[in-house]
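Heads up, the thing below is written out as structure tokens.
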Amino acid sequence: MKEVSKEVVYRLLHPRQVVLVTCADERGKPNLLTVAWSTPLSFDPPLVGISIGKNRYSHGLISRTKEFAVSVPPSSLLEKVKECGKLSGRKEDKFRKVGLTPQPSRRLRAPVVKEGIAHLECRVVKEVEVGDHTLFVGEVVEAYADGRCFDGEKFDPERVGLIYHLGGAHFLFLGRSGKKNDQI
Ligand SMILES: Cc1cc2nc3c(=O)[nH]c(=O)nc-3n(C[C@H](O)[C@H](O)[C@H](O)COP(=O)(O)O)c2cc1C
């Protein structure tokens, strides 16, 4: 067996589905970031967790406003997903810079990403300090998806491509490929 260095241990638990997490400041100015470390945590109540680095601009926003939304990007958004994972909302309006659209959510001040194919609106019910990250546990207060690719119970891999992160610059797709011209 090959030894795995501490820095890349997490990659033994990848690939992980990539999502876009949205949040907003107290005045409603939105931000978003790319997240691979998200997970369902409970059926009832429906809880999801996101692990956010303490140095991310979004970390402060989520911690102060106690809310975030998760939008699922189709594979056609790969390049934008990469940019959202590099740029910081501390310095610029990331939605505008990357060319994504903030769409008013149903229950939160934070928007969802209009180009996403599914959205989970969450209120933070718990924050757990985990090393250099914080695990934000969110209760899902609204969830909705594009009926063309989610039949009410599951995604249809014939209709949509989902993005998975292997680590570093390496990505995989489930379902349709990540060609730029894919519509959903
Ligand atoms: C594929 C990918 C996955 C990422 N996953 C996470 C993650 O799970 N948690 C995290 O805190 N940052 C993650 N990042 C890094 C943030 O998206 C990145 O630091 C971002 O610029 C933070 O933006 P902000 O400063 O506007 O909050 C990921 C980046 C990429 C490209």
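In each ligand, atom 1 is the first atom listed, and ligand 1 is the first ligand listed. Only this structure's heavy atoms are used, side chains among them; waters, hydrogens and symmetry mates stay out.
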Q. Is a side-chain N or O of S71 found less than 3.5 angstrom from the main chain of V112, in a donor-acceptor match?
A.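 The answer is no, because no donor-acceptor pair under 3.5 Å joins these two groups.
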
Q) Do T34 side-chain atoms and K82 backbone N/O form a donor-acceptor pair below 3.5 Å? A)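 Side chain of T34 to backbone of K82: no pair is present.
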
Looking at [X], which atoms of ligand 1 are within less than 4.0 Å of one of its heavy atoms?
{"X": "F171", "answer": "1 (C)"}
{"X": "C84", "answer": "17 (O), 20 (C), 21 (O)"}
{"X": "Y57", "answer": "24 (P), 25 (O), 26 (O), 27 (O)"}
{"X": "G53", "answer": "10 (C), 11 (O)"}

Can you tell me which residue and heavy atom of the protein come closest to [atom], and the distance to 0.1 Å?
{"atom": "atom 21 (O) of ligand 1", "result": "L87 O, 2.6 Å"}
{"atom": "atom 27 (O) of ligand 1", "result": "S58 OG, 2.5 Å"}
{"atom": "atom 8 (O) of ligand 1", "result": "W37 N, 2.9 Å"}
{"atom": "atom 14 (N) of ligand 1", "result": "T34 O, 3.2 Å"}
{"atom": "atom 26 (O) of ligand 1", "result": "G89 N, 2.7 Å"}
{"atom": "atom 18 (C) of ligand 1", "result": "G85 O, 3.2 Å"}
{"atom": "atom 5 (N) of ligand 1", "result": "A36 N, 2.9 Å"}
{"atom": "atom 10 (C) of ligand 1", "result": "R56 NE, 3.4 Å"}

Q | Pick from S51, A169, S88: the one approaching atom 7 (C) of ligand 1 most closely through a non-hydrogen atom | A |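 Result: the heavy atom closest to atom 7 (C) of ligand 1 is in S51.
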
Q) Which of these, L174, V72, I117, sits in a side-chain contact (heavy atoms from CB on, under 4.5 Å) with V160? A)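 One option only clears the test, and that one is I117.
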
Is there side-chain contact between [X] and [Y], with heavy atoms separated by less than 4.5 Å?
{"X": "V21", "Y": "S38", "result": "no"}
{"X": "V140", "Y": "C122", "result": "yes"}
{"X": "D151", "Y": "D156", "result": "no"}

(Q) Check for me whether the distance between the ring centres of H14 and Y164 falls short of 6.0 Å. (A)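 Not under 6.0 Å, so no.
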
Q: Would you kindly specify which portion of N31 sits under 4.0 Å from ligand 1, judged on non-hydrogen atoms: side chain, backbone, both or neither?
A: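 Answer for N31: side chain.
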
**Q.** Within reach of ligand 1, part of K94 (heavy-atom separation under 4.0 Å)
**A.**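 The side chain, only.
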
Q: Take E142 and R106 through the salt bridge (Lys or Arg N to Asp or Glu O under 4.0 Å) test and state the conclusion after the steps.
A: CA-CA 7 Å; E142 288 281 346; R106 296 182 180 175; 3.5 Å; yes

(Q) Would you call the rings of H119 and Y144 parallel, tilted or perpendicular, taking 30° and 60° as the class edges? (A)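 Tilted: the ring planes of H119 and Y144 meet at 30° to 60°.
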
Q: Treat each ILVMFWY residue as a node, draw an edge where side-chain heavy atoms are under 4.5 Å apart, and state whether V130 and L47 are in one component.
A: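 Yes, V130 and L47 fall within the same hydrophobic cluster.
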
